[in-house]
J.: 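So that we are looking at the same thing, I have put the structure below in structure tokens.
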There are 2 protein chains.
Amino acid sequence: MSMAEYKGKVKRIQDTPFGYTMSVISGKWKMVIIYLLAENQPVRFNDLKRQIGAITYKTLSSQLKELEADGLVKRKEYPQVPPKVEYSLTDKAETLLPILEDLCEWGVSNQPS
Amino acid sequence: MSMAEYKGKVKRIQDTPFGYTMSVISGKWKMVIIYLLAENQPVRFNDLKRQIGAITYKTLSSQLKELEADGLVKRKEYPQVPPKVEYSLTDKAETLLPILEDLCEWGVSNQPS
DNA sequence: ATAGGTACTACCCGAAAGGATAGTGTAAAT
DNA sequence: ATTTACACTATCCTTTCGGGTAGTACCTAT
């Protein structure tokens, strides 16, 4: 199916494939999180926090939960004290990576200095 | 340049190619506008409004202004009464279309029923 | 005994995005 | 004479997003 086939069918964007994909990737830090996971999988919560730096616990936590709810991130909890939780990408997320690369490349070519 | 090369360099996302591309395409209606323009170029303001339906004048107007400021949309005004304004895509926007198609296709394959 | 590390949650706040409604000036159509 | 159409703008309001701060329960290192 291509964009052309949506002609006249768009009622609510959140129900379109466009809208779905956008809802999944647009969160201020989601791309950064996905790309960091793609490189270092699996990564623990505080490692992510340190690597990103400017993010707060609350925001990182909520972004991860949304990613998990959307099936892009797996959360594995080890029953230890102190706690240990590892995050990694799902297969679904792996299929997104080429598209994220394209978005990145487009930015490189088109971002004004 | 690939995502991998950003390792350790990310300070503020809005300065990265990722962030730039996302800022350009993420507005609730931008994708819809771009795809409608891609199909019917050029399109007049009220035609866009009618085709989208659920959008308000104010929102359509601001989304178009942002798209214009980002160099994705051209605005051509005819000095007539009543006014006539036509919107169309720039070459820069045309280079985005394949990526938007990819985002759409990913949504088709991965959107939960 | 104190400080630091683990993975968070709870609560409050400000900014920004987008929706709702109404109005502008001119001309053509009914 | 009234309505309709064009392309908007202005004002107000609500919702959403993300930031800031503080706290939890337990363990290890100093």
Side-chain angles (χ1 to χ4, degrees), chain A residues 10-16 18-19 22-34 36-37 40 42-70 73-88, chain B residues 10-16 18-19 22-34 36-37 40 42-70 73-88:
Chain A
V10 178
K11 296 287 189 278
R12 292 174 302 174
I13 3 81
Q14 62 268 35
D15 295 336
T16 66
F18 270 154
M22 288 304 287
S23 77
V24 158
I25 65 176
S26 68
K28 185 168 172 185
W29 303 96
K30 285 185 183 172
M31 292 254 217
V32 179
I33 292 170
I34 290 171
L36 285 174
L37 288 182
N40 311 329
V43 187
R44 298 178 65 175
F45 185 86
N46 277 350
D47 279 346
L48 266 178
K49 166 92 173 71
R50 270 186 295 267
Q51 290 185 61
I52 300 179
I55 201 172
T56 64
Y57 293 114
K58 188 226 156 189
T59 303
L60 177 56
S61 179
S62 64
Q63 299 275 298
L64 283 170
K65 275 192 181 143
E66 288 176 23
L67 287 167
E68 205 191 342
D70 286 328
V73 159
K74 276 176 290 199
R75 197 185 102 103
K76 181 161 188 190
E77 192 173 343
Y78 295 84
Q80 307 179 349
V81 163
K84 174 178 176 181
V85 179
E86 284 180 346
Y87 292 91
S88 50
Chain B
V10 179
K11 297 286 189 273
R12 291 175 302 174
I13 3 81
Q14 61 268 35
D15 294 336
T16 67
F18 270 153
M22 287 303 286
S23 78
V24 158
I25 66 176
S26 68
K28 186 167 173 187
W29 304 96
K30 286 186 183 173
M31 293 254 218
V32 179
I33 292 169
I34 291 171
L36 285 174
L37 288 183
N40 310 328
V43 188
R44 299 178 65 175
F45 186 86
N46 277 349
D47 279 346
L48 267 177
K49 167 90 172 72
R50 269 186 295 268
Q51 289 184 61
I52 300 178
I55 200 172
T56 63
Y57 293 114
K58 186 221 159 192
T59 305
L60 177 56
S61 178
S62 66
Q63 298 276 297
L64 283 170
K65 275 191 183 145
E66 287 175 25
L67 287 167
E68 205 191 341
D70 286 330
V73 160
K74 276 175 291 199
R75 199 185 101 105
K76 181 160 188 194
E77 193 174 342
Y78 295 84
Q80 308 179 348
V81 162
K84 174 177 175 181
V85 180
E86 285 181 344
Y87 292 91
S88 51

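We name chains A, B, ... by the order of the sequence lines, and we start the count at 1 in each one.
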J.: Working to the nearest 0.5 angstrom, can you tell me the gap between B:N46 CG and B:L60 CG?
T.: 8.5 Å
J.: Heavy-atom contacts under 4.0 Å between residues 73-81 of chain A and DNA chain C, which residues?
T.: A:R75
J.: Would you indicate whether the side-chain heavy atoms of A:K76 and A:P42 approach each other to under 4.5 Å?
T.: no
J.: Would you tell me if any nitrogen or oxygen in the side chain of B:R50 comes within less than 4.0 Å of OP1 or OP2 on D:dC6?
T.: yes
J.: Ring-plane angle category for B:Y57 and B:F45, please: parallel below 30°, perpendicular beyond 60°, tilted otherwise.
T.: parallel
J.: With a 4.5 Å cut-off on side-chain heavy atoms, are A:S26 and B:M22 touching?
T.: yes
J.: Please figure out whether B:S26 or A:F45 has its closest DNA chain C nucleotide nearer the 5' end.
T.: A:F45
J.: Scan nucleotides 19-21 of chain D against the protein and return all N/O pairs shorter than 3.5 Å with their distances rounded to 0.1 Å.
T.:
{"residue": "D:dG19", "atom": "OP1", "partner": "A:K28", "partner atom": "NZ", "Å": "3.2"}
{"residue": "D:dG19", "atom": "OP2", "partner": "A:W29", "partner atom": "NE1", "Å": "3.4"}
{"residue": "D:dG19", "atom": "OP2", "partner": "A:T59", "partner atom": "OG1", "Å": "2.7"}
{"residue": "D:dG19", "atom": "O6", "partner": "A:K58", "partner atom": "NZ", "Å": "2.7"}

J.: Does B:R44 have a side-chain nitrogen or oxygen under 4.0 Å from the phosphate oxygens OP1 or OP2 of D:dA7?
T.: yes
J.: Between B:R75 and B:V85, is any pair of side-chain heavy atoms under 4.5 Å apart?
T.: yes
J.: So, taking the atom named CG in A:L36 and the one named CH2 in A:W29, what distance separates them when rounded to the nearest 0.5 Å?
T.: 10.5 Å
J.: For B:E66, give me all partners under salt bridge (Lys or Arg N to Asp or Glu O under 4.0 Å), at least two apart in sequence or on another chain.
T.: B:K30
J.: Determine whether B:T16 and A:V32 make a side-chain contact, defined as any pair of heavy atoms from C-beta on separated by less than 4.5 Å.
T.: no
J.: Show every salt bridge (Lys or Arg N to Asp or Glu O under 4.0 Å) that has at least one partner inside residues 50-65 of chain B, sequence neighbours left out.
T.: B:D47-B:R50
J.: Can you tell me how far apart CG (A:N40) and CG (A:L48) are? Round to the nearest 0.5 Å.
T.: 8.5 Å
J.: Where along residues 62-70 of chain A does a heavy atom come under 4.0 Å from DNA chain D, residue by residue in number order?
T.: A:Q63
J.: Is the shortest heavy-atom distance from the side chain of B:V43 to the side chain of B:Y87 under 4.5 Å?
T.: no
J.: Is it true that a side-chain atom of B:T59 and a backbone atom of B:I55 form a donor plus acceptor pair closer than 3.5 Å?
T.: no
J.: In whole Å, what is the span from the CG atom of B:D47 to the C1' atom of D:dA5?
T.: 12 Å
J.: Which two nucleotides bound the region of DNA chain C that has atoms under 4.0 Å from heavy atoms of chain A, read 5' to 3'?
T.: C:dG5 to C:dC11
J.: Do the side chains of A:K74 and A:E68 get nearer than 4.5 Å, heavy atoms only?
T.: no
